[in-house]
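The structure appears below as structure tokens.
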Amino acid sequence: MRAISALVITCLSPCAVTAQASMTHTLMPVPAAVTLSNDRLRLDSGFTIAIAGVRTPRLERAITRTIVRLERRIGVPVSRTYATGRTATLVIDAASAGPAIPGLDDDESYQLNVSPRQGVLKAPSVVGVIRGLETLLQLQDADQQGLYLQGASIHDAPRFRWRGLLLDVSRHFEPVSVIERTLDGMAMVKLNVFHWHLSDDQGFRVESRVFPRLQEFGSDSFFYTQSEIREIVAYAADRGIRVMPEFDVPGHSSAWFVGYPELTIGQGPFAIARRWGTFAPTMDPTRESTYKFLDRFIGEISGLFPDQYWHIGGDEVDPTQWKQRAEIQAWMKAHHIATEAALHTEFNRRLFAIVQKHDRIPVGWNEIFQPGLPTTAVIQSWTGSNVLAMSAKAGFRGILSAPYYIDHQKPASDFYLPDPLPANTDLTPEQQQLVLGGEACMWSEYVTPETIDSRIWPRLAVIAERFWSPASVNDVTDMYRRLDPTSTRLGELGITHLDHSRRMVRPLAGDSIDVFESLLRFVRPRDFGGSGDTQMWPHSGLIDAAVADPRASWNMAGVARAAVAGDTTAIAALQRAFTEMRGLDGRLAAIRDRVPAAQQAAEVAAALKELARVGLESLERTQQKATADSGWRAGSDAVLASVASARIGRWTLRPTSIDAVRVLVDAVSALPPSRRTP
């Protein structure tokens, strides 16, 4: 099965096949400057490390983690005793310890040189060494003599200072183990901000000792204790990752009101929201008691999060209650506040003062970007990339999330090219400096601890590359070539995305796992969603077992273009893929009476059969240089249109091969009329 996937990934990159071991690399993110050589630094049990610069506990822990990963690859123990610089396999030289608490202005640059005799890693600070060690591990390769590090000279530094992942644990709680392995993956791809969305309508996830009813009534007993939070913050800091908490106010706050109804307006009792959406209960911005509560809360919880930034949320505030309550309207009139949007800004002004009182910088979603807002705020753009530019022109610092919502089940290529600073930006150099970077967002309406790894990885790695690497690194085909080994390396960290589909279909498929695994190679979930529509749903259906960008479908349209151009490897890959697709309908029909999931997959399997038929016919005609009459084209177009329409409206599983088949059909129609067959 995997052979098809490998062909799909590599057939458009000739060097990937002929020179993989010598002059190509699989680094992700791509360094700012990298020169490869044919040199090879051998890896075996004699591998040793010397520390030439500062020596700190954090540096030693990073080295130990590197040794453990090398040992697993080499298969033998590696010395934990530090050698001298002359004899060591790897010399590490950090000029300074750097800040104990990761910050926005940390110097993450490093230099790495690998020769046949020795590797040398230099950095201005320990965090730079941490980034360089990840690159070092990605240089590992193998030949007939064993493992080695590819010879290289690398000078590297990130393009953006803010490179993050938002993880929503409010709608579905994620245990500490999930958080920690997510942080491990983030460190591998050089992300440096963990944005922790800790409260929403569906849950309040932090232990407050000042206001204990927040977690007692708003969490279903799923929350992080203060000791667990400290553990996670320290775990992240060890890897050069900041942890920024988000407590969403004044909207998206239903879970606050279950224990403290006096914070809101209207009649209780209030309950945790079980469905998704925007809800009317909103904090009362006219009461002094609201601000006193928030002051005490932020004063307590900011002690758990040493990061300089505090996210206030501020998105999707439903103004219904503000409009309907006479006392709110009277207060607005008395204070010359004309609109509910202006009332929201007044709330934010008061909240900003509290956040700054506790020595934090406020961050908020782009709805807070309103006239009168202090420019001390950082604007996180989620409704459109244009908002980031607008806020920068107004003097605000900003981060971009709009193109990077990975809870939407789209392929990695869709997330790879959008840029916080696109080539056609009209921002001045000074305004561009206000664009700090970006964050991918993993909202958890349809994500559980069982499925989350497959929803984040490996696609997050390509967004991480966009934030770290030069803007000129934008070849989608090469991205997919490097994503394959990157995905494998992520699996070494204990991230479970590689075996996700098999693990999920096992209880659905009985003794027919193989046919469902085969099906899931050629479909993805609908763009946004999973099984069920409430927080209480188990989310364990076929749609949950599918992944957004199955490996067998990576860059399939690009492979089709190569096949049209005569690439025999691409032709063979597509023939095998289409043959496999064509047989799924019959295989599922054979088990439909005893496996309910086969009935759920029947329609999409029938569509795959039709797509495969058209794809194979098109391949044959392109090879024979024989176009078809208008009836064939009309029939093929009808198949494509039918599948496209159904995958938008009706199906929860969407075929991934439609674009590839369209490339082939167009190629047949473009053949010279003189070669047309009767």
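Just so we're clear, the structure is a prediction, and the values are computed from it rather than from any experiment.
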So NE2 of H497 and CG of L490: to nearest 0.5 Å the spacing works out to 5.0 Å
Validation row: D549, R524 side chains within 4.5 angstrom (heavy atoms): no
Below 3.5 Å, can you tabulate the donor-acceptor pairs from side chains in residues 404-413 to any protein atom, sequence neighbours excluded?
unit_1 : atom_1 : unit_2 : atom_2 : d
Y404   : OH     : P418   : O      : 2.8
Q409   : NE2    : I406   : O      : 3.4
Q409   : NE2    : D407   : O      : 3.0

How are the rings of W382 and W365 set relative to one another: parallel (under 30°), tilted (30 to 60°) or perpendicular (over 60°)?
perpendicular
Does G203 offer a backbone N or O that forms a donor-acceptor pair with the side chain of S219 under 3.5 Å? no
Find out whether M442 and V447 are in side-chain contact, i.e. whether some heavy atom of one side chain is under 4.5 Å from a heavy atom of the other.
yes
Taking the side chain as every heavy atom from C-beta outward, state whether L294 and M283 have any pair of such atoms under 4.5 Å apart.
yes
inquiry  = A side-chain contact here means heavy atoms from C-beta on lying under 4.5 Å apart; do F352 and I312 qualify?
reply    = yes
Taking every heavy atom of Q321 against every heavy atom of T282, the minimum-distance pair comes out as OE1-N, 3.3 Å
Problem - NZ/K292: more than 12 non-hydrogen atoms of other groups inside 6.0 Å - result: no
Using atom types as modelled, flag every donor-acceptor pair under 3.5 Å from a side chain in residues 328-335 to any protein atom, sequence neighbours excluded.
unit_1 : atom_1 : unit_2 : atom_2 : d
Q329   : NE2    : W322   : O      : 2.7
Q329   : NE2    : E340   : OE2    : 3.1
H335   : ND1    : W331   : O      : 2.9

dist D184:CG -> M186:CE (nearest 0.5 Å) comes out at 10.5 Å
- Message: Looking only at side-chain N and O atoms, does Q380 offer a donor or acceptor that is under 3.5 Å from a partner on H311?
- Response: yes
Here the gap from N192 atom CG to F160 atom CZ, rounded to the nearest 0.5 Å, amounts to 12.5 Å
Any luck finding a side-chain donor-acceptor pair between Y224 and Q215 under 3.5 Å?
-> no
Check this for me, if you would: do D106 and R131 make a salt bridge, where the nitrogen-to-carboxylate-oxygen distance has to be below 4.0 angstrom?
no
Sorted by chain and number, sequence neighbours left out, side chain to side chain contact (heavy atoms under 4.5 Å, CB included) with R360 holds for S302, W310, V355
Steps toward side-chain contact (heavy atoms from CB on, under 4.5 Å) verdict (L421, L427) = CA-CA 9 Å; L421 284 173; L427 296 180; 4.0 Å; yes
Heavy-atom closest pair (Q535 atom, A273 atom, distance to 0.1 Å) is OE1-O, 3.8 Å
Checklist entry - Between F222 and R205, is there a cation-pi geometry (under 6.0 Å to ring centre, at most 45° from the normal)? => result no
Margin query: Under a 3.5 Å distance rule, please check whether T425 uses its side chain to pair with a backbone N or O of P422 as donor and acceptor.
Written below: no
Taking it one step at a time, do D318 and T278 satisfy side chain to side chain donor-acceptor pair (under 3.5 Å)?
CA-CA 7 Å; D318 186 338; T278 302; over 6 Å; no
Sorted by chain and number, sequence neighbours left out, side chain to side chain contact (heavy atoms under 4.5 Å, CB included) with R171 holds for D168, H197, D200, Q202, H252, W276, W443, S444, E445
Under 4.5 Å between any side-chain heavy atoms of W162 and L104, yes or no?
yes
When rounded to the nearest 0.5 Å, the distance separating CD1 of I179 from CD of E231 is 11.0 Å
### Query
Are any non-hydrogen side-chain atoms of P285 and Y291 less than 4.5 angstrom apart?
yes
Salt bridge flag under 4.0 Å for residues R459 and D414: no
(request) Please say whether the positively charged group of R239, taken as NZ for Lys or CZ for Arg, lies over the ring of Y235, i.e. under 6.0 angstrom from the six-membered ring centre and within 45 degrees of the axis. (result) yes
Minimal heavy-atom distance between A392 and L434, with the atoms involved, is O-CD1, 3.4 Å
Between P403 and F415, the two heavy atoms sitting closest are O-CD2, 3.2 Å
*asked:* Quick check on Q433: does its CD atom have over 12 non-hydrogen neighbours (other residues, nucleotides or ligands) under 6.0 Å away?
replied: no
Side chains of T383 and N366: is there a donor and an acceptor less than 3.5 Å apart?
-> yes
When rounded to the nearest 0.5 Å, the distance separating CG of L214 from CZ of R209 is 14.0 Å
Query - F217 ring center near Y260 ring center (under 6.0 Å) - result: no
Can you find a pair of side-chain heavy atoms, one from L198 and one from F223, that are under 4.5 Å apart?
-> no
Residues passing the ring pair (Phe, Tyr, Trp, His ring centres under 6.0 Å) test with F297, sequence neighbours excluded, are F204, F247, W256
Counting only heavy atoms not in N386, do more than 12 fall under 6.0 Å of its CG? yes
Nearest heavy-atom contact between S208 and Q226 is CA-NE2, 4.2 Å
Query raised in the report: With a 4.5 Å limit on heavy-atom distance, are the side chains of R466 and Y416 in contact?
Result: yes
Minimal heavy-atom distance between A271 and V258, with the atoms involved, is C-CG2, 3.6 Å
In R163, K190, R242, the residue satisfying salt bridge (charged side-chain N to carboxylate O under 4.0 Å, His left out) with E108 is R163
The salt bridge (charged side-chain N to carboxylate O under 4.0 Å, His left out) partners of D220 (sequence neighbours excluded) come to R274
From the list L400, I463, L191, L166, side-chain contact (heavy atoms from CB on, under 4.5 Å) partner of E439 resolves to L166
